[in-house]
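Notes to accompany the following structure.
Every value quoted in this text rests on a predicted model; they were computed, and no experiment measured them.
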Amino acid sequence: MGWLDRLRGRNGTGAADIGATMTHAVEAAERGDHQAALALWGPLAQAGVGRAQNNIGACFAEGLGVARDFALALRWLSLSAENGDPVGQRNLAALHFRGDGVAQSDAEAMRLYRLAAEQGDAPAQDMLSWMLLEGGEPGDRPEALHWAQAAAQAGVATSMTRLGMMFHDALGVERDPAAAADWWRRGMAAGDPDSEAMLGAATLLGQGVAPDARHALDLLLAAESKGSRLAAPFIKAARATVSPAEA
């Protein structure tokens, strides 16, 4: 029996065969052998498996196992998105957002991110929330809050940080410094240095958390060392507040 017969599910083995092939391909990609992965994804993609189409498109977009080619990335990701794969929708949205191989369009990017978000894709929910908050109207804030909450519940640290900002600045919600600090704690625990920086600032200023200049400085310095650009404006003030005995 050929691969196409198996993909069509004859004898009830199609789903199992597809799953096994996808697993082998992912294992190859994880060990850096993208050419082997592409060889496995190719027949599946030709047969209309949306996730395989996405994976091929992502390889062309990133130059993994093949020369970077945004035209081919667009082709494969468009097929994946049309087949309803949320990761394909999200990756196609990224091409439109950046203007890679296609005219830049925030509107089309948002449309595709929303399709993926509605299917439960957490990174798409996070990106859609960011776009609605940063580039949308004040009336978009409740939807931005909704998607940030969904992504945060799925463990996306940047959405936790964004929720902290929204509660701190009253964006789509009532101002609640304690809730902001709580979200920043969660974001820090999930690995986002920007959450650590904002928790440091809140600790310095005593907003939603007891003031503690020494602890604030420790948080801010740690956040800056991890790449957060939000920490620097508060570090000088924190140093000035820390007593010589604490320094």
Side-chain angles (χ1 to χ4, degrees), residues 1-132 146-147 150-151 153-156:
M1 183 183 293
W3 62 265
L4 185 56
D5 291 337
R6 292 196 296 271
L7 287 174
R8 288 172 175 164
R10 295 183 183 178
N11 298 329
T13 62
D17 286 349
I18 293 171
T21 302
M22 290 293 289
T23 297
H24 293 320
V26 170
E27 290 172 349
E30 288 177 345
R31 63 176 181 265
D33 191 352
H34 289 90
Q35 290 184 344
L38 285 162
L40 291 168
W41 285 324
L44 300 180
Q46 292 289 349
V49 177
R51 184 58 54 86
Q53 292 168 335
N54 164 76
N55 295 348
I56 291 175
C59 284
F60 278 113
E62 300 297 328
L64 299 173
V66 289
R68 177 172 285 179
D69 188 324
F70 287 122
L72 286 174
L74 180 66
R75 173 191 167 190
W76 283 110
L77 292 175
S78 295
L79 289 170
S80 177
E82 290 167 7
N83 280 323
D85 184 71
V87 182
Q89 291 165 345
R90 185 223 308 160
N91 285 332
L92 180 60
L95 293 187
H96 285 279
F97 178 73
R98 296 191 300 262
D100 288 338
V102 65
Q104 197 283 331
S105 173
D106 284 353
E108 181 62 8
M110 288 182 70
R111 184 187 75 82
L112 290 160
Y113 279 130
R114 187 173 281 108
L115 288 175
E118 288 170 349
Q119 293 197 72
D121 185 82
Q125 292 168 341
D126 177 59
M127 188 63 182
L128 179 58
S129 170
W130 178 81
M131 292 187 74
L132 287 165
H146 167 74
W147 291 122
Q153 289 172 0
V156 179

- Looking only at heavy atoms, what is the nearest atom pair of Asn91 and Ala58, with distance? ND2-CB, 4.4 Å
- Enter the distance from Ile56:CD1 to Leu72:CG here, rounded to the nearest 0.5 Å. 10.5 Å
- Taking all non-hydrogen atoms of both residues, which atom of Ala122 and which atom of Ala154 are closest, and how far apart? CB-CB, 3.6 Å
- Message: Please check: side-chain N/O of Gln125 versus main-chain N/O of Trp147, any donor-acceptor pairing under 3.5 Å?
- Response: no
- Query: Is there any side chain to side chain donor-acceptor pair (under 3.5 Å) pair reaching into residues 18-40, and which pairs are they, with sequence neighbours excluded?
  - Reply: none
- Rounding to 0.5 Å, atoms CG (Asn55) and CH2 (Trp41) come to a distance of 4.5 Å
- CH2-CG distance between Trp76 and Leu79, expressed to the nearest 0.5 angstrom: 6.0 Å
- Note on the structure: To the nearest 0.5 Å, atom CE of Met131 lies from atom CG of Asp126 at 12.0 Å
Side chains of residues 95-107: which donor-acceptor pairs under 3.5 Å do they make with residues two or more places apart or in other chains?
| from | atom 1 | to | atom 2 | distance (Å) |
| --- | --- | --- | --- | --- |
| Arg98 | NE | Asp100 | OD2 | 2.6 |
| Arg98 | NH2 | Asp100 | OD2 | 3.3 |
| Gln104 | NE2 | Phe97 | O | 2.9 |
| Gln104 | NE2 | Asp106 | OD1 | 2.6 |
| Ser105 | OG | Glu108 | N | 3.0 |

- Query: Under 3.5 Å, is there a donor-acceptor pair between the side chain of Arg90 and the main chain of Tyr113?
  - Reply: no
- Task: Mind listing the closest non-hydrogen atom pair of Ala73 and Gly57 along with its distance?
- Result: CB-O, 3.4 Å
- Query: So which heavy atom on Ala52 is nearest to which on Leu44, and how close?
  - Reply: CB-CB, 3.7 Å
- Query: CZ/Phe60 to CG/Leu77 distance, rounded to the nearest 0.5 angstrom?
  - Reply: 10.5 Å
- Ser80 (side chain) donor-acceptor with Gln53 (main chain) under 3.5 angstrom: no
- Closest heavy-atom contact between Ala28 and Ala36? CB-CB, 4.1 Å
- Could you grab the distance from atom CG of Leu92 to atom CZ of Arg111, nearest 0.5 Å is fine? 8.0 Å
- Residue pair Pro43 / Leu40: nearest heavy atoms and the distance that separates them: CD-O, 3.5 Å
- Message: Between Gln119 and Gln89, is there a side-chain donor-acceptor contact under 3.5 Å, judged purely by atom types and distance?
- Response: yes
- Pair listing, salt bridge (Lys or Arg N to Asp or Glu O under 4.0 Å) test, anchored in residues 50-61, at least two apart: Arg51-Asp85
